[in-house]
Amino acid sequence: MRTPHSPRALAAAAAVATAALAVGVVAPTVQAAPAAPGRVSPAAVAAPDIPVANVKAHLAQLQQIANANGGNRAHGRSGYKASLDYVKGKLDAAGFTTSVQQFSSSGATGYNLIADWPGGDASRTVMAGAHLDSVTAGPGINDNGSGSAGILETALAVSRAQLKPDKHLRFAWWGAEELGMVGSRYYVNSLATGDRSKISGYLNFDMIGSPNPGYFVYDDDPTLEKVFKDYFATLSIPTEIETEGDGRSDHAPFKSAGIPVGGLFSGADYTKTAAQAQKWGGSVGQEFDACYHASCDTSSNINDSALDHNSDAIAYALWQLAAGGSTPPDPGGSFENTTDLAVPDSPGPAVTSSITVTGRTGNASSALKVGVKAVHTYSGDLVIDLVGPSGRSYRLHNSSSDSTPNIDTTYTVNASSETANGIWKLKLQDKGPQDTGYLDSWKLTF
């Protein structure tokens with residue numbers, strides 16, 4: 001990840017983002033997707049477990065390359081080109097079609113490595129990318145050997161499985177990210193407009209093995225965000241939206257070009273809060289990666305569990321998306337909205353998220369299940385209501401003196417007087433000052 005903005009710039013950006021969310025108090029309506037056709041696709045096959053030992057073996061190679069080339073793998077240095085040659089050799093042997101794209105930056109030649117897996121609809125291409133360069137100060141094993149190794153081993157797993165995806169799969173390793181996403185920006189700018197529209201999603205992986213890790217998911221695109229959240233839900237690992245790296249990694253040029261983006265991040269130089277340590281373990285008040293952009297970012301600067309979980313999540317996402325989309329909601333019983341929605345601090349207004357239910361008959365159940373996941377530093381501040389298609393409200397959660405953070409609860413509601421089809425809403429309001437949060441997702445199960 002490239003050098004961060006100044007604290008004042010970060011604070012200003014956060015304020016703008018919060019204000020933008022607060023103004024748009026109604027989240028997008030989400031409808032259940034139709035059932036997929038009957039053909040067998042990669043989504044019907046379980047994604048493989050990515051052996052963390054294999055990922056760490058790639059990191060060991062990158063460490064050796066840095067050791068042999070002045071201690072780093074930075075743009076314009078011999079260690080970067082040796083890193084690219086190592087990755088390219090693995091992909092060529094695995095049957096990928098690889099190409100090296102050259103560009104110039106800061107008086108030196110830079111290189112992007114692009115690897116395409118044969119087959120799949122090229123008009124619907126899913127990309128996974130990571131920057132391969134380090135800063136000059138150190139070998140960059142977490143930043144960003146970790147993301148580079150994670151997608152490399154996933155690409156090799158695609159080859160081992162001889163995957164036949166519906167969508168085309170492309171992997172990329174970017175140069176000169178640490179100078180301001182130079183390589184990825186060059187790639188995006190070199191694409192014709194028609195070729196940009198063929199990329200249905202770009203997934204970015206920058207720092208996925210931080211030693212004091214968090215589990216952060218990009219919230220730029222709801223569909224891509226949901227794929228990762230679904231995976232971590234199977235592990236009962238809570239996630240948070242990624243804010244530290246906004247605009248600071250290689251997804252930014254893709255997002256600016258209108259391409260949907262997603263990704264994972266385990267944290268850099270921000271510090272872990274007590275609430276985060278309660279969820280994820282680790283050290284309160286310590287940076288997620290105390291060796292960020294430093295000489296100590298070596299192969300010992302990796303949390304194996306974070307690296308393992310995030311590498312498996314990469315494979316899960318690509319197996320799902322390669323089939324033409326993430327697993328759709330069950331149109332017969334469940335409808336979900338996974339779009340994050342900020343809840344303004346008191347005395348802010350109530351905010352509303354909507355789900356449109358279709359394809360049902362008759363009325364809703366007397367035991368309608370309403371699953372709510374809300375991230376909030378003081379759950380007792382929240383008042384949450386379900387609003388049926390008739391406009392009638394059903395109180396789910398009252399404000400109280402409960403100081404525990406977050407809500408992850410399934411409520412049972414007698415909504416038998418409501419027609420099942422129609423627009424259902426979840427309304428949230430913060431009734432207490434000095435604590436903030438957001439709605440992560442909510443789900444109706446009939």
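- Residues His397 and Ser379 share a closest heavy-atom pair of CE1-O, 3.2 Å.
- Put simply, the side chain of Leu91 reaches to within 4.5 Å of the side chain of Trp173, judged on heavy atoms.
- Here the closest heavy-atom approach between residue Leu439 and residue Ser353 is recorded as CD2-CB, 3.7 Å.
- Within 6.0 Å of CD on Gln162 lie more than 12 heavy atoms contributed by other residues, nucleotides or ligands.
- Exactly one residue among Ser210, Pro213, Cys291 makes a side-chain contact (heavy atoms from CB on, under 4.5 Å) with Asn142. That residue is Ser210.
- In this structure, the side chain of Glu244 engages the main chain of Asp269 through a donor-acceptor pair within 3.5 Å.
- Looking only at side-chain heavy atoms (C-beta outward), Arg185 and Val188 stay at 4.5 Å or farther from each other.
- Nearest heavy atom pair, residue Val383 against residue Ser399, reads CG2-N, 3.7 Å.
- Considering every non-hydrogen atom in both Pro211 and Asn303, the closest pair reads O-ND2, 3.7 Å.
- The two residues Ala130 and Ile151 come nearest to each other via the heavy atoms N-CD1, 3.7 Å.
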Next on the checklist: Working note: Leu59 + Leu307, criterion side chain to side chain contact (heavy atoms under 4.5 Å, CB included); need CA distance, chi angles, decisive distance, verdict.
Outcome noted: CA-CA 11 Å; Leu59 295 181; Leu307 186 69; 3.9 Å; yes

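- For the ring pair (Phe, Tyr, Trp, His ring centres under 6.0 Å) with Phe288, the qualifying choice from Phe216, Tyr270, Phe265 is Phe216, the only one to do so.
- Around atom NZ of Lys279, more than 12 heavy atoms belonging to other residues, nucleotides or ligands sit under 6.0 Å away.
- Proximity of Phe205 to Ser311: side-chain heavy atoms (C-beta onward) are nowhere separated by under 4.5 Å.
- Looking only at side-chain heavy atoms (C-beta outward), Lys369 and Thr412 come within less than 4.5 Å of each other.
- The shortest side-chain heavy-atom distance between Glu418 and Tyr394 falls under the 4.5 Å cut-off.
- Asp385 and Arg395 are joined by a salt bridge, as a carboxylate oxygen and a charged side-chain nitrogen come within less than 4.0 angstrom of each other.
- By the 4.5 Å heavy-atom criterion applied to side chains, Asp297 and Ile141 are counted as neighbours.
- Checked by atom type and distance alone, the side chain of Asp133 never pairs as donor or acceptor with a backbone atom of Gly175 at under 3.5 Å.
- Of the listed residues (His251, His131, Met127, Glu242), just one forms a side-chain contact (heavy atoms from CB on, under 4.5 Å) with Asn204, and that residue is His251.
- To the nearest 0.5 angstrom, Ile259 atom CD1 is 8.5 Å from Ser197 atom OG.
- When all heavy atoms are compared, the tightest approach of Ala157 to Ile50 is CB-CD1, 3.7 Å.
- Classification of Glu153 and Arg160 as a salt-bridged pair holds, one side-chain N sitting under 4.0 Å from a carboxylate O.
- Side-chain contact annotation: Asn414 with Ser416, donor-acceptor N/O pair under 3.5 Å present.
- Ring pair Tyr231/Tyr316 is tilted by interplanar angle, where 30° to 60° counts as tilted.
- Inspection of the Thr404 and Asp402 side chains reveals an N or O donor paired with an N or O acceptor under 3.5 Å.
- The neighbour count for Lys373 NZ, taken as heavy atoms of other residues, nucleotides or ligands under 6.0 Å away, does not exceed 12.
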